[in-house]
Amino acid sequence: MPIDVIRLLDALDEALGDVARPVPLHEPLFGEAEAQAVARAVTDGWVSSAAPDVAAFERKLCEITGAAHAVATVNGTAALHLALLGAGVRPGDEVLMPPLTFVATANAAVHAGAVPHFVDVEAQRCGLDPAALAERLQAVAERRDGRPLNRETGRRIAAVCLVHVFGIPACDEEVRAVCREWNLPLVEDAAEALGSRRHGRHVGRIGRTAALSFNGNKIVTTGGGGAILADDPTLAARLRHLATTARCAHPWRQRHDRTAFNYRMPGLNAALGAAQLERLADLIAAKEKLGERYRAALDGLPGVDLLAAPSDSRPNHWLHVLRLDVEDLEERDALLAAMHERGLMARPVWDLLHRLPMYEDAPRGPLPTAERLEPRLVCLPSGAGIVRERRCDQAGSMGSSAS
Ligand SMILES: *Cc1c(COP(=O)(O)O)cnc(C)c1O
């Protein structure tokens, strides 16, 4: 059934209401609390990663997610890099991951000296498909010293990284079951999924570690930032040490006991983040409301629907994503061009990672679902400010100025 472009555009316009055009894909939402928190950090002089705000931000993350430990980092990519090192990924290894994700997932594996190995996603949640994972391991792996070895490449398969895309929880328990069968550590890329739950549990609690991101486009932002979640106290301490140039604790000595990273989140960012976390429930509610508006406006349009998390999950509604009945990228791009003409700054989903020049030779299994989804997924303007004043404590006065 062909898509009625005019009706689709009218429906999106209706859902967005009278918010100023063009409508960006995403915008942060700040209030007076954020401004005061950053100003206080400046006034107090506690701006570096030694600031008490960093520990306070980490404690809040633990409260929200239920994790025993959180290590705040400069960005989500750094968090993923450390998480993979913590899972035992070493140079020359392979990390199994989906191709339908932000490029950072694969980049982090390469930063750890490993090679991404792509496995297909399932169509409902767009996350790593546990059946495809099991089949791929069956097809290429043999057990060597209790761990899988890729017999086609001769490399050790060291970890699995699943991704909760758009804030929709992936099949985490099912993926973990496959990981257990093969004695593989699981790392969760929960960069987009702060506040998302499945089976009542916050995402990022199934794997050995999980990575969060607080980039400017995520549901909660610190400007730039990330965090690792972990339950194992030894592992959390090791990753914190690695993120802090392996500086040994001492009142005045400057000693470092290995080559490590300068990956800790600065206090200035943590101060902003702690104020943002107070707003998380509000942000989720505003985004959920926007999703309901989109859903109501799109109802009955042939060839169009909105991705939805299955009933076992409570997603954070970070990004609303259209699933369009289109066959190819040209048809999708024509639709995107029409949306942009209307002032709707929609975006296609990422180019699949195995199509990028640096990953086109990376090992991979069959990827029919990811390839079928690629032209069909279009990300819609999803800022919480669309249904709520952007500066929520100063309704009206600051309007919706650009970020
Ligand atoms: C944002 C994001 C990251 C990386 O986060 P940065 O903070 O931008 O480094 C990783 N994975 C996914 C899926 C993301 O969306």
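When a ligand or atom number is given, it counts from 1 through the structure's own listing order. These numbers were taken from a predicted model, which means no experiment stands behind them.
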Proximity to ligand 1 by part of Asp189, non-hydrogen separation under 4.0 Å: side chain
Ligand 1 contacted by Gly225 (non-hydrogen, < 4.0 Å): yes
For Val163, the ligand 1 atoms whose distance to one of its heavy atoms is below 4.0 Å: 13 (C)
His117 side chain near Arg136 side chain, heavy-atom distance below 4.5 Å: yes
Options His81, Glu192, His164, ranked by nearest heavy atom to atom 15 (O) of ligand 1, top entry: Glu192
Arg205/Glu188 salt bridge by N-O under 4.0 Å criterion: no
Contact atoms of ligand 1, heavy-atom distance to Ala191 under 4.0 Å: 2 (C), 3 (C), 10 (C), 11 (N), 12 (C), 14 (C)
Basic-acidic side-chain contact under 4.0 Å: Arg125, Asp172: no
SB check Arg293 Glu288 (cutoff 4.0 Å): no
Option set Ala79, Ala108, Cys161, Ala104, criterion heavy-atom distance to atom 4 (C) of ligand 1, minimum: Ala104
Whether Phe118 and Tyr359 hold their rings parallel, tilted or perpendicular, with breakpoints at 30° and 60°: perpendicular
Nearest heavy-atom neighbours spanning Leu128 and Glu122: O-CG, 4.3 Å
Polar contact flag for Gly76 and ligand 1 (N/O pairs, less than 3.5 Å): yes
For atom 5 (O) of ligand 1, the protein heavy atom that lies nearest, with its residue and separation: Ser213 OG, 3.2 Å
salt_bridge(Glu374, Arg332) N-O dist < 4.0 Å: no
Side chain, backbone, both or neither: Asn217 near ligand 1, heavy atoms under 4.0 Å: neither
Per-atom contacts of ligand 1 with Asn75, taking only distances under 4.0 Å to non-hydrogen atoms: 7 (O), 9 (O)
Nearest protein heavy atom with distance in Å, relative to atom 2 (C) of ligand 1: Lys218 NZ, 3.0 Å
Those atoms of ligand 1 less than 4.0 Å from some heavy atom in Thr101: 13 (C)
Distance-minimising heavy-atom pair for Cys161 and Leu80: SG-CD2, 4.2 Å
Arg279/Glu34 salt bridge by N-O under 4.0 Å criterion: yes
Proximity to ligand 1 by part of Thr77, non-hydrogen separation under 4.0 Å: both
